[in-house]
Asks: 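Handing you a structure now.
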Amino acid sequence: MNPIESFLEAMETELRGNVSEPAMAEILAELRDHLQDSAEELRATGSLNPEADAVAEFGQAKKVGQELAAERNRARYSTAEKAALSLAALAAVTPMALDLLVDLSSWLTGSDFRIFLIWYLVALWCLALFVASIRCRRLLSRQIAGIVLASGFVGLVVGGFSRGAQPGPWGTQTRGTALQRMKGLLSERDGIGRIQVVQDKLQAGVTAFATGNLGVFRQDGGYIVPKMDGMRTQIWQDDPRGWRYRYEAIDFGSTASLSEAKRLWAERGPEMIKLTQDGIRGNIGEAAELRKVVWSSWGETIRREFPIRGGFTLFGLIVLVGANLLGTGIGAMSRRWRRRGTA
Amino acid sequence: MGFKGDLEALILGVLRTESLHGYEISKRIKSLSGKALSYGEGQLYPALHRLETDRAITAAWIPQEGRPPRKVYSITDEGHKQLEARQKEWRVFEQGVINILYGQKEPA
């Protein structure tokens, strides 16, 4: 092949995907002109291989191509890219606003529709990444979109855990959710119970995988996961299938450190159990199946109350990566189709 | 040669009086500098794109007789301003180098 054509082919490889098709065509046409002029002049001065010499004088296709691509990428963003990046930023910011909204509404109504919002967020993230992958022709733009989205995603997960681990109005929200769950179990025990067992196991498995339970030790029939500060009280049910988590009383949540919590448990354990049982009776009345009261950490409470967050981390990351890859693939294919159409 | 020039300033200087295509710009820089300033020709195009992005030059595809259209670059008003600024910078730089190389006394 003619050295000039080989050079241009190598240049095209460097530019493709980094600059738009029309811009690439212009660059290649301009470089062809330059190289042909240069070869003509070299031929006139007696060069034996003017095309090769012209290419040699020009420089390496890879280096020049990268510089040209970098220059093009420095140019202003297109409207489509701006839209895609804006959407990505919106998706990143939305969790914070929605999470606050959910807390407020759950606090007011006691209902837990968090799950719908999580799905909404997953859909929004996927859409944003998908659009960014297709519309952002520059790899850098796609990566920026990905980083922005990932930041928002991590913010939701981390924010969810840390926020839940603090005392205050969120504790009330947690109680509302737990109470609602408990009422459902009490009223439709048989129907929901079986589902609940499977759900518990799935959630426990996903949560353990995503968050990693570092240490569990039994204490008075219950267990403590020493991951976060503070204490919560759990109620367990003696079930034919085994001990099952039923309800988490939050009335005695504290911000004591784990060592402080252990000390309290050692000194006042029985008394605290009684106080907790009284508190639960005050909340939901007597329930025969509520037999066991144990202490657990805040972290455990949060993972039990919102186990979806742990699973969501893993699931969400898979979805985000998948959406990015899918969008990139479709974007590349559509560019190829357009090339064929214009060829 | 040990010293290297500012390629963008050189391009603006070459385009100051007439519009030229890439290869011609490269040739002018070589010939006007007595071949003292020679670049890998490939370096020219990223610099041209940079100047175009900065609106110091504009480009247009001009029809050629018996040949496909060719991309020709022209300096803009902004480019003239930039050239003027670089000329001043060059004077200062040049004087500084002269002072050092030829051992002139520091200004009082």
Side-chain angles (χ1 to χ4, degrees), chain A residues 3-4 6-8 10-15 18-20 22-45 47 50-78 138 140, chain B residues 4 6-12 14-15 18-33 35-74 76 78-79 82:
Chain A
I4 291 177
S6 299
F7 176 90
L8 293 172
M11 179 66 74
E12 186 178 343
T13 306
E14 286 301 321
L15 296 176
N18 289 315
V19 301
S20 67
M24 185 173 73
E26 280 191 9
I27 290 170
L28 293 175
E30 187 179 22
L31 297 185
R32 179 177 280 110
D33 285 342
H34 182 115
L35 291 167
Q36 284 173 350
D37 280 354
S38 178
E40 271 177 34
E41 196 163 311
L42 287 164
R43 184 177 291 112
T45 56
S47 168
E51 282 84 6
D53 290 345
V55 167
E57 275 190 20
F58 195 86
Q60 292 179 339
K62 188 180 176 71
K63 188 167 179 289
V64 176
Q66 283 173 349
E67 281 183 32
L68 279 168
E71 274 313 313
R72 299 297 299 196
N73 283 337
R74 204 169 64 88
R76 289 172 295 280
Y77 284 97
S78 69
R138 291 187 278 256
L140 181 66
Chain B
K4 288 199 171 184
D6 176 348
L7 183 55
E8 289 170 29
L10 298 176
I11 292 170
L12 291 175
V14 166
L15 290 175
E18 59 180 319
S19 302
L20 300 168
H21 55 72
Y23 182 66
E24 196 59 41
I25 293 171
S26 172
K27 269 178 64 177
R28 290 287 174 92
I29 290 174
K30 282 181 194 169
S31 62
L32 288 172
S33 68
K35 295 194 179 173
L37 299 169
S38 68
Y39 294 86
E41 291 172 13
Q43 289 178 35
L44 179 72
Y45 289 90
L48 284 169
H49 284 248
R50 194 155 43 244
L51 287 168
E52 203 180 343
T53 305
D54 293 342
R55 299 180 180 175
I57 59 173
T58 54
W61 288 85
I62 306 294
Q64 310 268 307
E65 209 173 302
R67 292 185 66 175
R70 184 138 203 191
K71 195 172 186 180
V72 172
Y73 295 92
S74 308
T76 62
E78 171 61 29
Q82 286 190 19

Asks: Would you say the side chain of A:L68 lies within less than 4.5 Å of the side chain of B:H49, judging by non-hydrogen atoms?
Replies: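 Contact flag for B:H49/A:L68 side chains = yes.
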
Asks: Identify which part of B:P68 has an atom lying under 4.5 Å from any heavy atom of chain A, answering side chain, backbone, both or neither.
Replies: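 When you check distances to chain A, no heavy atom of B:P68 falls under 4.5 Å.
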
Asks: Contact part of A:Q60 toward chain B, heavy-atom cut-off under 4.5 Å: side chain, backbone, both or neither?
Replies: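 When you check distances to chain B, no heavy atom of A:Q60 falls under 4.5 Å.
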
Asks: Say you draw a straight line from CG of A:L31 to NZ of B:K71; how long is it, rounded to the nearest 0.5 Å?
Replies: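 The distance works out to 9.5 Å.
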
Asks: Nearest heavy-atom pair of B:R70 and A:H34: which atoms, and what distance?
Replies: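 That would be NH2-N, 3.9 Å.
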
Asks: Go through the atoms of A:L35 and report whether side chain, backbone, both or neither lie under 4.5 Å from a heavy atom of chain B.
Replies: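 A:L35 has no heavy atom closer than 4.5 Å to chain B.
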
Asks: If you take all heavy atoms of A:A29 and B:W61, which pair is closest and at what distance?
Replies: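 In this case the closest contact between A:A29 and B:W61 is CB-CH2, 3.9 Å.
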
